[in-house]
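To start, the structure itself, in structure tokens.
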Amino acid sequence: MPKVKPKSFLTKEDLALFYDVATSIHAIQDLDEMLRSILNTIKTVFQIEGASLALHDADRKELYFIRTVEMERNGLHSGIERMRLPDHLGVAGWVLRENRPAIIADVSKDDRFFKGFDLSEKFVTRSMICVPLRTRKGPLGVFYALNKLQGEFTAQDQRLLEILSGTIAIAIENAKLYGELKQYAGSLERENRNLKSEARDRFNLQGIIGSSQPMHRLFDLIEKVIDTTTTVLIQGETGTGKELIARVIHHNGPLSNKPFVAENCGALSENLLESELFGHVKGAFTDAISDKKGIFELADGGSVFLDEIGEMPAAMQVKLLRVLQEKQLRPVGGSQYIKVDVRLITSTNRILEEEVKKGNFREDLFYRINVFPIMLPPLREKREDIPLLADHFLKKLAKKLKKPAAQLTPEALDLLSRYDWPGNVRELENEIERALTMAGRKSEIKAEYLSEKINISSEKRFAIQEIDGTLPQVTARIERQMVLETLQKTHGNRSQAARILGITRQGLLNKITRYKIELQ
């Protein structure tokens, strides 16, 4: 009498199934394609209408279906449904919660079945096996086999699916990790390309706009320090472009292929700033749920840029000085020291010498960071650069706002050149963006599109300057200014300008000659 095989004995078909699944896992790196291949194989071997995989989103307390394969109808699959449902609902919720499989011969008689489960209107679930997907890290989701075509699901089917679920779970976890690494690598590659492009297009000496004497002096200083790893202190008013200069120095220097990491010392509280600079270990404070590297560790071998270092609290100044002297740091809550080697570039809108005298900034730290000082001139001290900057911003912003190229009228440009710009280059850029927006699709930026502060400031400046001197001198200056502005408004049309001024054309020509007025 022949022996009866135990139910748990693996048949040749079972082994073939494991082989096909393993082949799919090792041969296919794309997660979606791999799962489609596995589910199609299981659907064929188990003779079922459909198979589904749902992963658990613990943060949102949901299950979401990442792959569904239903029975082919007219040679076509019904497709993928990326539906979500709360993780406490249905058989899936029960399996996830209990961490054990469920085999249901008739779902209409099982209270655990969620009526909204069916993944398409044409698909009706009658029977199922649902098994948990888990790895050593914990539960990952659930796996369904749906609607046995002949007979009912057996304990042997359940056992095979349980074995397969372990393999599939590990494959999904590995594929997810691979995908994350690939995505991260791709992100790094894109970031690297962007940084290199940015370095070529913006962060070079030619990319700093200016031809005035103050800018030439600035270029000379940058040229001297750019090929070194010397510590640099950049001083200047808010909006003068201190971070831009720091990036120019880094991206054109010997550390250009190393990290550049920036932090604003005035934007964070003392505790947060310490964590950002030096990192922390898990459990160091309430929100420290994992270890975190600080910017000094992240920038190791490269450059750290500390913006507005004059705002740094006194206690943090002591800790920063220690790191700079010893070239090692200890994360917040940590017991181990980490060696770091970075180039330090700092900036401030304060006069640090005065802050040292007031006792607001440590003298020893000041001497440590003030190795190579660079002073950025405010925009009011390099007015001849305003036309160049304005033209640069017009082209840049027209592209950003998807507007046609526009030009400033002579009158508008004159108003911009008269204004003192307390917010410096940043304020000028904002003003150009506003004016370009006000102009709409027009090709000219007129004075009327400039903000009220520009016009009012110009009027005040004009009034104050023009009353200084004798009556003939003041009269001549006002007359020259009126002639010049009228010619600018009429784009050099002398006949039209003469009519506006109420004089003859010859009288206008005489004044142009007398005052040596030249139009661009």
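As a basis for the values below, the full set of heavy atoms in this structure was taken, side chains included, without hydrogen atoms, waters or symmetry mates. Throughout, numbering of the chain's residues begins at 1 and tracks the sequence.
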Short side-chain to backbone donor-acceptor contact, [X] and [Y], under 3.5 Å:
{"X": "Asp414", "Y": "Pro410", "answer": "no"}
{"X": "Thr486", "Y": "Met482", "answer": "yes"}
{"X": "Gln317", "Y": "Phe361", "answer": "no"}
{"X": "Asp420", "Y": "Pro422", "answer": "no"}
{"X": "Asn424", "Y": "Thr238", "answer": "yes"}
{"X": "Trp421", "Y": "Leu416", "answer": "yes"}
{"X": "Asp291", "Y": "Lys282", "answer": "yes"}

Using residues 437-444 as the side-chain source, report each donor-acceptor pair under 3.5 Å to any protein atom, sequence neighbours left out, with the distance given to one decimal.
from   : atom 1 : to     : atom 2 : distance (Å)
Thr437 : OG1    : Glu433 : O      : 2.8
Arg441 : NH1    : Lys402 : O      : 3.2
Lys442 : NZ     : Tyr449 : OH     : 3.0

List the residues meeting side-chain contact (heavy atoms from CB on, under 4.5 Å) with [X], not counting sequence neighbours, and say none if there are none.
{"X": "Asn430", "value": "Arg426"}
{"X": "Lys258", "value": "Leu255"}
{"X": "Val483", "value": "Leu487, Leu501, Leu508, Lys511, Ile512, Ile517"}
{"X": "Lys61", "value": "Asp87"}

Show me the side-chain donor-acceptor pairs of residues 363-375 shorter than 3.5 Å, one per line, residues at least two apart or across chains.
from   : atom 1 : to     : atom 2 : distance (Å)
Glu363 : OE2    : Tyr367 : OH     : 3.4
Asp364 : OD1    : Arg362 : NE     : 3.0
Asp364 : OD2    : Arg362 : NH2    : 2.8

Which heavy atom of [X] sits nearest a heavy atom of [Y], and at what distance?
{"X": "Ala398", "Y": "Pro404", "value": "CB-O, 4.1 Å"}
{"X": "Ala435", "Y": "Ile445", "value": "CB-CG2, 3.6 Å"}
{"X": "Ile249", "Y": "Val225", "value": "CD1-CG1, 4.3 Å"}
{"X": "Ala447", "Y": "Thr409", "value": "N-OG1, 4.1 Å"}
{"X": "Tyr515", "Y": "Arg480", "value": "O-NE, 3.2 Å"}
{"X": "Ala406", "Y": "Leu394", "value": "O-CD1, 3.5 Å"}

Rounded to the nearest 0.5 Å, how far apart are [atom1] of [X] and [atom2] of [Y]?
{"X": "Leu379", "Y": "Ser212", "atom1": "CG", "atom2": "OG", "answer": "9.0 Å"}
{"X": "Leu133", "Y": "Leu55", "atom1": "CG", "atom2": "CG", "answer": "7.0 Å"}
{"X": "Leu428", "Y": "Ile432", "atom1": "CG", "atom2": "CD1", "answer": "5.0 Å"}
{"X": "Thr346", "Y": "Leu344", "atom1": "OG1", "atom2": "CG", "answer": "5.5 Å"}
{"X": "Leu53", "Y": "Leu140", "atom1": "CG", "atom2": "CG", "answer": "9.0 Å"}
{"X": "Arg383", "Y": "Leu389", "atom1": "CZ", "atom2": "CG", "answer": "13.0 Å"}

State whether the number of non-hydrogen atoms from other residues, nucleotides or ligands found under 6.0 Å of [X] atom [atom1] is greater than 12.
{"X": "Ile289", "atom1": "CD1", "answer": "no"}
{"X": "Ile351", "atom1": "CD1", "answer": "no"}
{"X": "Gln336", "atom1": "CD", "answer": "no"}
{"X": "Glu479", "atom1": "CD", "answer": "yes"}

For His280, check ring-ring contact (aromatic ring centres under 6.0 Å, His included) against everything at least two apart and list the hits. Phe285
With sequence neighbours excluded, residues passing side chain to side chain donor-acceptor pair (under 3.5 Å) with Arg60: Glu62
Quick one: does [X]'s side chain get under 4.5 Å of [Y]'s, heavy atoms only?
{"X": "Lys327", "Y": "Lys339", "result": "no"}
{"X": "Asn99", "Y": "Arg134", "result": "yes"}
{"X": "Leu329", "Y": "Tyr337", "result": "no"}
{"X": "Arg330", "Y": "Phe278", "result": "no"}
{"X": "Leu96", "Y": "Pro139", "result": "yes"}
{"X": "Ile338", "Y": "Pro331", "result": "yes"}
{"X": "Gln328", "Y": "Val340", "result": "no"}
{"X": "Lys382", "Y": "Met215", "result": "yes"}

Going by the side-chain hydrogen bond (donor to acceptor under 3.5 Å, both in side chains) test, which pairs reach into residues 213-222, not counting sequence neighbours? none
List the atom pairs, with distances to 0.1 Å, where a side-chain N or O of residues 229-236 and a protein N or O form a donor-acceptor pair under 3.5 Å, not counting sequence neighbours.
from   : atom 1 : to     : atom 2 : distance (Å)
Thr230 : OG1    : Thr228 : OG1    : 3.1

What pairs of donor and acceptor atoms, side-chain ones from residues 296-313 against any protein atom, are under 3.5 angstrom apart with sequence neighbours left out?
from   : atom 1 : to     : atom 2 : distance (Å)
Asp300 : OD1    : Asp341 : N      : 2.8
Ser303 : OG     : His250 : ND1    : 2.7
Asp307 : OD1    : Ser347 : OG     : 2.4
Glu308 : OE1    : Asn349 : N      : 3.1
Glu311 : OE1    : Arg350 : NH2    : 3.1
Glu311 : OE2    : Arg350 : NE     : 3.3
Glu311 : OE2    : Arg350 : NH2    : 3.3

Full working for side chain to side chain contact (heavy atoms under 4.5 Å, CB included) between Val281 and Val332: CA-CA 6 Å; Val281 298; Val332 178; over 6 Å; no
Kindly indicate, with the supporting measurements, whether the criterion side chain to side chain contact (heavy atoms under 4.5 Å, CB included) is fulfilled by Leu273 and Glu263. CA-CA 9 Å; Leu273 181 60; Glu263 185 59 66; 4.2 Å; yes
According to the salt bridge (charged side-chain N to carboxylate O under 4.0 Å, His left out) rule, which pairs have a member within residues 229-239, sequence neighbours left out? Glu237-Arg380
Test side chain to side chain contact (heavy atoms under 4.5 Å, CB included) on Leu277 and Met316 and set out the steps. CA-CA 10 Å; Leu277 297 186; Met316 274 302 302; 3.5 Å; yes
Presence of salt bridge, Lys446 and Glu411, under 4.0 angstrom: no
Does the side chain to side chain contact (heavy atoms under 4.5 Å, CB included) test come out yes or no for Lys453 and Tyr419, once each step is laid out? CA-CA 9 Å; Lys453 66 182 180 182; Tyr419 184 60; 3.6 Å; yes
